There are 2 protein chains.
Amino acid sequence: METKLKRSRQRESILSFLMTRQDHPTADIIYEHVRKEIPNISLGTVYRNLALLTERGEIIKLTLDGICDRYDATTTPHFHFQCSCCKGVSDMPIPDDFTNTLNTLNNTFHGIIEGCTSYFYGICPDCKQKNQDSIHSQNLAEKNH
Amino acid sequence: METKLKRSRQRESILSFLMTRQDHPTADIIYEHVRKEIPNISLGTVYRNLALLTERGEIIKLTLDGICDRYDATTTPHFHFQCSCCKGVSDMPIPDDFTNTLNTLNNTFHGIIEGCTSYFYGICPDCKQKNQDSIHSQNLAEKNH
DNA sequence: TATTATAATAGTAATGATTACTGTAATTGA
DNA sequence: TCAATTACAGTAATCATTACTATTATAATA
């Protein structure tokens with residue numbers, strides 16, 4: 001059913017941009033960047049190619065909060081983390097013992113588990129640090145009131 | 001910042017309907033059902049109350065495929081499974097050893113992990129059974145060709 | 001019970017990410 | 001070079017969700 005792909009400068013530019021990024025940009029962000037190289041590229045082209053690349057398994061589409069999808073050129077299995085403070089998304093390695101969880105599920109579930117999407121949320125290292133800094137300076141201010 | 005809640009027949013009806021269901025219905029399905037009881041309820045009211053209940057932690061909003069959100073009145077932690085065949089969503093208990101995975105992540109991650117959303121996909125028990133049945137009858141047909 | 005403050009509603013309009021459509025252009029294979 | 005077909009730009013349409021507004025329901029108080 002899969003039709004033969006023809007090369008296109010647009011698709012190559014989208015994919016190579018995505019491969020430089022670790023922050024899982026949205027279609028809109030990808031569009032804004034690729035536009036610098038191909039000024040008259042259309043947003044529809046960006047979406048179509050992202051769908052195409054996802055379909056072929058060359059990239060992964062992330063649906064985290066349902067606001068808008070994000071795209072990831074790293075296709076090896078990994079978890080994701082979204083910061084509730086800055087909304088940034090980053091990768092998390094999958095701990096080895098997660099395979100135990102998968103085994104348990106496979107043994108108890110009577111269907112077929114093909115894959116898993118896990119994402120964690122909370123405060124990212126950066127925002128945690130900023131938060132501590134501001135509490136620290138607040139305490140200093142109180143001391144010297 | 002949380003304002004005081006006033007009772008409303010609409011919200012009570014939405015919540016009690018949701019509590020009878022294990023299949024995590026969408027806002028639209030909830031709307032269709034609650035309408036039988038309160039014919040002139042508006043879809044906006046359904047959305048607003050679902051958001052309100054989610055905010056207060058009385059229900060959980062599930063964003064699985066990004067097409068449309070689903071709602072779940074079971075608030076104790078559990079995984080979800082979506083069948084790629086029938087698109088149905090069901091609950092999965094969290095295996096005990098998943099706490100090991102969480103511990104590993106907490107020890108290696110330099111931010112704060114507040115929660116986790118995991119969903120698995122594949123073929124549900126029902127669709128798997130139907131599939132086997134059809135292969136079985138296909139084999140029979142080939143034998144008796 | 002009557003009054004008052006305010007949360008909630010119905011109905012409708014607006015939003016915004018994504019998809020579909022259409023005529024034209026680029027790519028590939030012969 | 002030609003033919004077949006994939007991809008494109010530009011634009012319109014879709015559709016789940018949210019925002020808005022005038023009115024109604026709820027609950028606390030007098």
Side-chain angles (χ1 to χ4, degrees), chain A residues 1-18 23-56 58-72 82 87 89, chain B residues 1-18 23-56 58-72 82 87 89:
Chain A
M1 213 61 56
E2 286 206 347
T3 51
K4 181 154 177 93
L5 274 194
K6 272 177 184 169
R7 290 181 58 184
S8 90
R9 196 159 73 94
Q10 288 84 345
R11 183 164 51 246
E12 281 169 8
S13 182
I14 289 166
L15 181 57
S16 68
F17 168 69
L18 199 54
D23 65 343
H24 317 72
T26 62
D28 214 63
I29 291 171
I30 295 166
Y31 173 59
E32 286 309 326
H33 278 81
V34 173
R35 215 136 81 103
K36 291 174 187 162
E37 202 173 322
I38 307 172
N40 68 334
I41 192 174
S42 109
L43 184 55
T45 297
V46 172
Y47 272 105
R48 187 165 26 74
N49 279 297
L50 288 171
L52 206 60
L53 291 166
T54 302
E55 210 172 273
R56 311 257 163 166
E58 293 191 51
I59 64 174
I60 289 172
K61 178 163 113 169
L62 303 178
T63 301
L64 300 185
D65 52 16
I67 306 296
C68 62
D69 292 335
R70 291 165 171 273
Y71 296 87
D72 185 351
Q82 184 166 38
K87 313 296 178 199
V89 177
Chain B
M1 213 57 58
E2 284 205 346
T3 52
K4 181 154 176 94
L5 231 49
K6 271 178 184 168
R7 292 179 55 185
S8 90
R9 195 159 73 92
Q10 288 83 346
R11 181 163 54 245
E12 282 169 7
S13 182
I14 289 166
L15 181 57
S16 69
F17 167 69
L18 199 54
D23 65 342
H24 317 70
T26 63
D28 214 62
I29 292 172
I30 295 167
Y31 173 60
E32 286 309 326
H33 278 81
V34 173
R35 217 137 81 103
K36 291 175 187 159
E37 202 173 323
I38 307 172
N40 68 335
I41 192 173
S42 106
L43 184 55
T45 298
V46 173
Y47 272 106
R48 188 165 24 73
N49 279 298
L50 288 171
L52 206 60
L53 291 166
T54 302
E55 210 173 276
R56 310 256 162 168
E58 294 190 51
I59 65 174
I60 289 171
K61 179 163 111 169
L62 303 178
T63 302
L64 301 186
D65 52 16
I67 308 296
C68 62
D69 292 335
R70 293 166 169 271
Y71 296 87
D72 185 351
Q82 184 166 37
K87 312 296 177 199
V89 177

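Computed from heavy atoms alone, side chains included, the values below leave out hydrogens, waters and symmetry copies. From a predicted model like this one, the values you see are computed outputs, not experimental measurements.
Sorted by first and then second residue, the pairs that involve residues 61-71 of chain A and meet salt bridge (charged side-chain N to carboxylate O under 4.0 Å, His left out), not counting sequence neighbours, are A:K61-A:D69. The stretch residues 35-45 of chain B participates, sequence neighbours left out, in these salt bridge (charged side-chain N to carboxylate O under 4.0 Å, His left out) pairs: B:E32-B:R35.
Under a 3.5 Å cut-off, the side chain of A:Q82 and the backbone N or O of A:V89 do not form any donor-acceptor pair. Put simply, the side chain of B:S13 never gets that close to the backbone of B:R9: no donor and acceptor are under 3.5 Å apart.
Proximity of residues 41-49 of chain A to DNA chain D (heavy atom under 4.0 angstrom from any strand atom) is restricted to A:I41, A:S42, A:T45, A:R48, A:N49.
Between A:S8 and D:dT6 there is no side-chain polar atom (N or O) within less than 4.0 angstrom of OP1 or OP2.
When the P atom of D:dT6 is taken as reference, atom CZ of A:R56 falls 10 Å away, rounded to whole Å. Spacing between atom CD1 of A:I67 and atom P of D:dT17 amounts to 10 Å, rounded to whole angstrom units. Rounding to whole angstrom units, CD of residue A:E12 and P of D:dT6 are separated by 18 Å. Atom-to-atom, CG of B:D28 to P of D:dT14 comes out at 17 Å; the value is rounded to the nearest Å. One can place OH of B:Y31 at 16 Å from P of D:dC15, the figure rounded to the nearest angstrom.
Rounded to 10 degrees, the angle separating the terminal axes of the helix from C:dT1-D:dA30 to C:dA30-D:dT1 is 30°, with each axis obtained from five end pairs.
The CD1 atom of B:I14 lies 10.0 Å from the CG atom of B:L52; values are rounded to the nearest 0.5 Å. We find the OH-CG distance between B:Y71 and B:L62 to be 9.5 Å, quoted to the nearest 0.5 Å. Separating the OG1 atom in B:T54 from the CG atom in B:D72 is a distance of 10.0 Å, to the nearest 0.5 Å.
Remark: B:Y31 engages no residue in a ring pair (Phe, Tyr, Trp, His ring centres under 6.0 Å) (not counting sequence neighbours). Checked against side chain to side chain contact (heavy atoms under 4.5 Å, CB included), B:E58 has the following partners two or more places apart in sequence or in another chain: B:L15, B:L53, B:R56. The salt bridge (Lys or Arg N to Asp or Glu O under 4.0 Å) check on A:D23 picks up A:R21, with sequence neighbours excluded.
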Sort me out a list of protein N/O and nucleotides 2-5 of chain D N/O pairs below 3.5 Å, or just none if empty.
| unit_1 | atom_1 | unit_2 | atom_2 | d |
| --- | --- | --- | --- | --- |
| D:dT5 | O2 | A:K6 | NZ | 2.2 |

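Comparing A:A51 and B:R9, the nucleotide of DNA chain C nearest to each residue sits closer to the 5' end for B:R9.
Nucleotides of DNA chain C that come within less than 4.0 Å of any heavy atom of chain B span, from the 5' end to the 3' end, C:dA5 to C:dG11.
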Run the side-chain donor-acceptor check on residues 41-50 of chain A: report pairs under 3.5 Å with partners two or more places apart or on a different chain.
| unit_1 | atom_1 | unit_2 | atom_2 | d |
| --- | --- | --- | --- | --- |
| A:S42 | OG | A:G44 | N | 3.2 |
| A:S42 | OG | A:T45 | N | 3.4 |
| A:T45 | OG1 | A:R48 | NH2 | 3.2 |
| A:N49 | OD1 | A:R11 | NH1 | 3.0 |
| A:N49 | ND2 | A:T45 | O | 3.0 |

